[in-house]
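These notes concern the structure reproduced below.
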Protein chains: 2
Amino acid sequence: MSVSTDNFLKAVYQLHSDKHQKAVSARLVERLNVSGAAITDMAKHLAQKGLIEYEPYKELRLTNKGREKALAVVRKHRLWETFLVQVLQIPWEKVHGEAERLEHQTSDYLIDKIDEFLDYPKLDPHGDPIPDVKGEMDETINEMVLIAGKSDADFIITRVQHHDEDLMEFYNKHNIRPGKGLRVISKMDKFGFISVEMNGSTIALPEKIARSLYVKPIAKNP
Amino acid sequence: MSVSTDNFLKAVYQLHSDKHQKAVSARLVERLNVSGAAITDMAKHLAQKGLIEYEPYKELRLTNKGREKALAVVRKHRLWETFLVQVLQIPWEKVHGEAERLEHQTSDYLIDKIDEFLDYPKLDPHGDPIPDVKGEMDETINEMVLIAGKSDADFIITRVQHHDEDLMEFYNKHNIRPGKGLRVISKMDKFGFISVEMNGSTIALPEKIARSLYVKPIAKNP
DNA sequence: GTTAATTTTTAAGTTTGCTTAAAATATAAT
DNA sequence: ATTATATTTTAAGCAAACTTAAAAATTAAC
Ligand SMILES: [Mn+2]
Ligand SMILES: [Mn+2]
Ligand SMILES: [Mn+2]
Ligand SMILES: [Mn+2]
């Protein structure tokens, strides 16, 4: 498998899981930074290899074999991110770029050694679940995007999106991490801000941020 | 720089340093497993980029810029090998293959972090010197190939070749490592064996092995 | 110093993963 | 239900890094 097919399968897997108004193909264009023609090309190519189901103008879908390959790449990516943060102490905003390249050049043998060394972590530094050697991982239940959270309710941050550098900068500035608690004070105002209480102070989160944070509700302490 | 140029420059650098009857071009064909035509192609291409000096039918030579790039790849390779052995405890015979791929996907930032983590090692697991961040490394003085060693003299193994799996298997079986001492009992016999005393016993080393071990003489203890 | 063997280069062609421009189809709007 | 807009596919083509086969230059042999 080449770097391009790795990235294609991984992207299909990830885009498929969070549903969106746009079709997978269209979002692949943005995610992989290639033309639409390249997507069709690759789709046909991988369909013929039995990795995706492709029919003209229909939504792309991974076959079992394709999902297996995608999960293997996701596993390598997330284990590398975890390793780089925990062992080499690389700042969490820097590890995604490194992992994006290392994931394609890491044997199954090596990644299993890394997994063992880390003692089989379940979550990466951004809160994303790490597939185990069989491709299985924890389901995140009750999870929602922060922007969908009811006001006057308490949440814990479960995951943060981390593809965008601006997002990461914001998280760092406001000490936003998976595991942190927050309370939604008011839902989005007319300027696109949502007000939350965090780390003892109230801050206004821009819509972009509020859409990038995944949270789960917790029982209120009276 | 692509993987192919990385490997090409690294190979030119390495083949240039140990001189041999065959020309560099011819040995590149073996080392990189490509046709002669591909070597000429790449040579022209890199010459035009100012990385090597190329004139038809003349020996290839790296420019300063080319050597710099080559050393950067060598640095990444050897630091990865060291890291995989020391930190992840991967057996030394397995690390070369992994490093061969990782070396091309590792940023300068990351490799410097690895260097720092390892506390700036000077030698890799096979005894090869590791270029520092400026491309400088220890010269190995008085070093020779074992087969050139005088009989009835004592040596220390400085480096071992490790591209070949058979070699590594032999080293493991006989506990041959950099740093080990040995004494040459007799030079190569008519069957191609050289007799040495090592680890308290006498063993016959086939020519191939004796050509793969680099040693330096030590003063005899009377 | 010719001739022969070896090495290197040139020439032509392939594959992968892209591109742009157009045509085809699907989706949305009136 | 047409028409307009957006998306996807087809078509043609390009660049990198290879290949094989033939031609050219070098090196070795006699
Ligand atoms: Mn990531
Ligand atoms: Mn990637
Ligand atoms: Mn190596
Ligand atoms: Mn390599």
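We name chains A, B, ... by the order of the sequence lines, and we start the count at 1 in each one. What you see below is based on every heavy atom in this structure, not just the backbone, and it leaves out hydrogens, waters and symmetry mates.
- Closest to the side chain of His45(B), out of dT20(D), dA17(D), dT19(C), is dA17(D).
- Remark: Lys22(A) engages Glu30(A) in a salt bridge, criterion side-chain N to carboxylate O under 4.0 Å.
- Ion pairing of Arg211(A) with Glu207(A) is present here, as a side-chain N (NZ or NE/NH1/NH2) and a carboxylate O approach within less than 4.0 Å.
- For dT7(D), the OP1/OP2 oxygens have no side-chain nitrogen or oxygen of Ser25(A) closer than 4.0 Å.
- Residue contacts for Lys44(B): at a heavy-atom cut-off of 4.0 Å it reaches the sugar-phosphate backbone alone, with no base atom in range.
- For the pair Asp112(B) and Arg75(B), the salt-bridge criterion is met [side-chain N within less than 4.0 Å of a carboxylate O].
- In this entry the distance linking CG of Leu28(A) with C1' of dT9(D) reads 15 Å, nearest Å.
- Taking 4.0 Å as the cut-off between side-chain N and carboxylate O, Asp6(B) and Lys76(B) do not count as a salt-bridged pair.
- Dashed line: the shortest gap from a side-chain N or O of Ser4(B) to OP1 or OP2 of dC18(D) is under 4.0 Å.
- Rounded to a whole Å, the CZ atom of Arg27(B) is 13 Å from the P atom of dT7(C).
- The separation between Asp6(B) atom CG and dA16(D) atom P is 16 Å, rounded to whole Å.
- In this model, the phosphate group of dT27(C) is not approached by any side-chain N or O of Tyr57(A) to a distance below 4.0 Å at OP1 or OP2.
- Distance NZ (Lys58(B)) to C1' (dA25(D)): 13 Å, rounded to an integer number of Å.
- Comparing dT8(D), dA21(C), dT19(D) by their closest approach to the side chain of Ser35(B) singles out dT19(D).
- Out of dC18(D), dT19(C), dT9(D), the shortest distance to the side chain of Asp41(B) is found at dC18(D).
- As a whole-Å value, the separation of Glu30(A) CD from dT8(D) P is 11 Å.
- Taking only side-chain atoms of Thr40(A), from C-beta outward, the nucleotide of dC18(C), dA11(C), dT9(D) with the closest atom is dT9(D).
- The residue Ala38(B) sits close to a base: some heavy atom pair falls under 4.0 Å.
- Among the protein residues, Ala23(A) comes within range of the sugar-phosphate backbone only, with heavy atoms under 4.0 Å from sugar or phosphate atoms but none that close to a base.
- Going from atom CG of Leu46(A) over to atom C1' of dT16(C) covers 12 Å, rounded to whole Å.
- Rounded to whole Å, atom C1' of dT19(D) lies 13 Å from atom CG of Asn33(B).
- One can place CE of Met1(B) at 16 Å from C1' of dA16(D), the figure rounded to the nearest angstrom.
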Could you go through the side-chain hydrogen bond (donor to acceptor under 3.5 Å, both in side chains) check for Asp124(A) and Trp80(A) one step at a time?
CA-CA 9 Å; Asp124(A) 81 8; Trp80(A) 268 120; over 6 Å; no

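- Among the nucleotides dT8(D), dT8(C), dT19(D), the one closest to any side-chain atom of Ala26(B) is dT8(C).
- Using a 4.0 Å heavy-atom distance criterion, Tyr54(A) is classed as a sugar-phosphate-only contact.
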